[in-house]
Amino acid sequence: MTAQISLSSPDITHVERDLVAQVLQTPHLSMGPMTPRFEELVANFVGTRHAVAVSSGTAGLHLALIAAGIGPGDHVITTPFSFVASANCILYQGATPVFVDIDRRTLNLDVDLLAVKVRALRDTGCPVKALLPVHVFGQPCDMGRIMDIAREHGLVVVEDACEALGAEFEGQPVGTFGHAAVLAFYPNKQMTTGEGGMLVTDDEGWARLFRSLRNQGRDDDGTWLCHVRLGYNYRLDELSAALGVAQMERIEELLHKRERVAAWYTERLQGVAGVQVPYISPRTTRMSWFVYVVRLAPAIDRDAVMDRLARQGIPTRPYFPPIHLQPLYRERFGYREGNYPATEDVARRTLALPFHGNLSEAEVETVCRALEEAVGDA
Ligand SMILES: *Cc1c(COP(=O)(O)O)cnc(C)c1O
């Protein structure tokens, strides 16, 4: 018997369809009025002075590191427990990612280890220039400690908030702590533009630089064929921006729907033997639910549980395989198992369940019953 439940799903209504259709009535499919409208909505929601739309979250991370002056020889500290893009963007600039292991509860950078690592690198004269914390699964990092460490050592902070639009740490929205932050709008995120991303910052100079870099290095006042720096085509098109405008107008609804589904899961799974529900730090004053990830007891064969659920029409994902153990990183840097024990232990046991805002309570029940049975027999 198959249940046919989707792992993730965008939440698209007639509001989105109508606005995208409106763009198609005009000749402005790129660089039109929708992009600045979308940028203003995101800046207002996050609480930054500037927002600059780009073609993906990955593109946004790349531009943030360029603005931070990261280049060959530089070192940037980040987490090995994330989507690969948060470390790859460091490689794009010819710099070296330095990983620091995670806190086993929040799954974010362990700030005590971070402090020790920064000091050790500084003591050996290593050119560590920036911190790239990731608010993994929509839970904010300890931005208080991270900003303290950055200030003490004069480091730039770029927040990877690609999974955390709307999250708050001690009452302050993520994206407002670092020198810049990046949001992403792939269809499985809290809101989508198809492909798309957004840089947010209070720094006027950085915002101007982002606008130039995403647009082939053209200057502000820019003559069309005058390129003052090495730029990229990282622009967001108007159809995607229109989708973004319509989604931002529904953003509180979208976040609340996901919150409700997460609450159903937690209520149903709390107390199920062998299944650990997501830990929410007391300092997380708002969780932004990107995925719903449970952790299985060490004795349970996670992959066997995934196979069994798949046979029942319930898709799951092993979020995340450690970045340092990806073939590219093993080959380039010689990483191997044992380098980041907390990350590796968590990564072996985590399981992302089907999760989106339109999941019904009955579907959540179906998933939970199947999970409970699979774990019970494992
Ligand atoms: C989604 C995501 C990104 C960027 O993704 P794109 O697909 O390039 O938009 C970056 N970092 C993390 C942690 C993500 O989850």
Side-chain angles (χ1 to χ4, degrees), residues 7-10 38 42 51-66 76-93 97 99-100 102 106-109 130-141 143 146 157-167 174-175 177-178 180-200 210 213-214 232-237 240-241 243-244 247 254 258 278 287-293 317-324 326 328-329 343 346-347 350 352 355-356:
L7 183 68
S8 71
S9 175
F38 180 36
V42 173
V52 179
V54 286
S55 54
S56 71
T58 307
L61 288 169
H62 185 193
L63 297 191
L65 291 189
I66 294 174
V76 178
I77 301 184
T78 189
T79 170
F81 190 72
S82 176
F83 182 59
V84 72
S86 56
N88 279 351
C89 62
I90 300 165
L91 299 183
Y92 296 161
Q93 283 306 100
F99 296 116
V100 166
I102 58 169
T106 63
L107 312 183
N108 284 322
L109 276 177
L131 305 179
L132 202 158
V134 181
H135 307 298
V136 92
F137 302 153
Q139 172 139 253
C141 293
M143 289 313 294
I146 288 172
V157 176
V158 172
E159 290 173 71
D160 180 340
C162 289
E163 302 184 356
L165 177 67
V174 305
F177 291 90
V182 183
L183 302 162
F185 310 124
Y186 186 75
N188 69 342
K189 311 274 178 178
Q190 288 88 332
M191 60 145 283
T192 188
T193 56
E195 296 285 357
M198 188 77 75
L199 284 146
V200 290
F210 293 150
L213 287 170
R214 75 171 170 185
Y232 302 84
N233 179 359
Y234 284 169
R235 294 183 304 259
L236 189 70
D237 66 85
S240 300
L243 189 44
Q247 292 261 282
L254 295 177
R258 297 173 83 93
M287 176 78 183
S288 176
W289 290 93
F290 166 51
V291 281
Y292 193 88
V293 175
R317 284 275 192 286
Y319 281 164
F320 284 111
I323 295 175
H324 67 283
Q326 294 291 344
L328 168 70
Y329 285 79
T343 293
V346 165
T350 39
F355 187 74
H356 56 85

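Since the model is a prediction, treat every value here as computed from it, not as a measurement. Just so you know, ligand 1 is whichever comes first in the structure, and atom 1 is the first atom listed for that ligand. Along the sequence shown, the residues carry numbers beginning at 1.
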With a cut-off of 4.0 Å, which atoms of ligand 1 are near a heavy atom of [X]?
X: Asp160; result: 10 (C), 11 (N), 12 (C), 13 (C)
X: Ala184; result: 4 (C), 9 (O)
X: Val134; result: 13 (C)

Would you mind checking which non-hydrogen protein atom is closest to [atom], with the distance to 0.1 Å?
atom: atom 14 (C) of ligand 1; result: Lys189 NZ, 3.0 Å
atom: atom 7 (O) of ligand 1; result: Tyr186 CB, 4.2 Å
atom: atom 5 (O) of ligand 1; result: Thr58 OG1, 3.9 Å
atom: atom 10 (C) of ligand 1; result: Cys162 SG, 3.4 Å
atom: atom 9 (O) of ligand 1; result: Gly57 N, 2.8 Å

Is Gln139 reaching over with its side chain to a backbone N or O of Met287, donor-acceptor style, under 3.5 angstrom?
no
Kindly say whether Gly175 contributes a backbone atom to a donor-acceptor pair with the side chain of Glu159 at under 3.5 angstrom?
yes
Indicate yes or no: at least one non-hydrogen side-chain atom of [X] is less than 4.5 angstrom from one of [Y].
X: Asp237; Y: Arg235; answer: no
X: Pro97; Y: Tyr329; answer: yes
X: Thr193; Y: Phe38; answer: yes

Do any heavy atoms of Ser82 fall under 4.0 Å from ligand 1?
yes
Heavy-atom closest pair, residues Leu65 and Gln93:
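Residues Leu65 and Gln93, closest heavy atoms: CB-CG, 4.4 Å.
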Checking side-chain contact (heavy atoms from CB on, under 4.5 Å) for the pair Asn188/Phe290: CA distance, chi angles, key distance, verdict?
CA-CA 8 Å; Asn188 69 342; Phe290 166 51; 3.7 Å; yes
Using a 3.5 Å cut-off on N or O atoms only, is Glu163 in polar contact with ligand 1?
yes
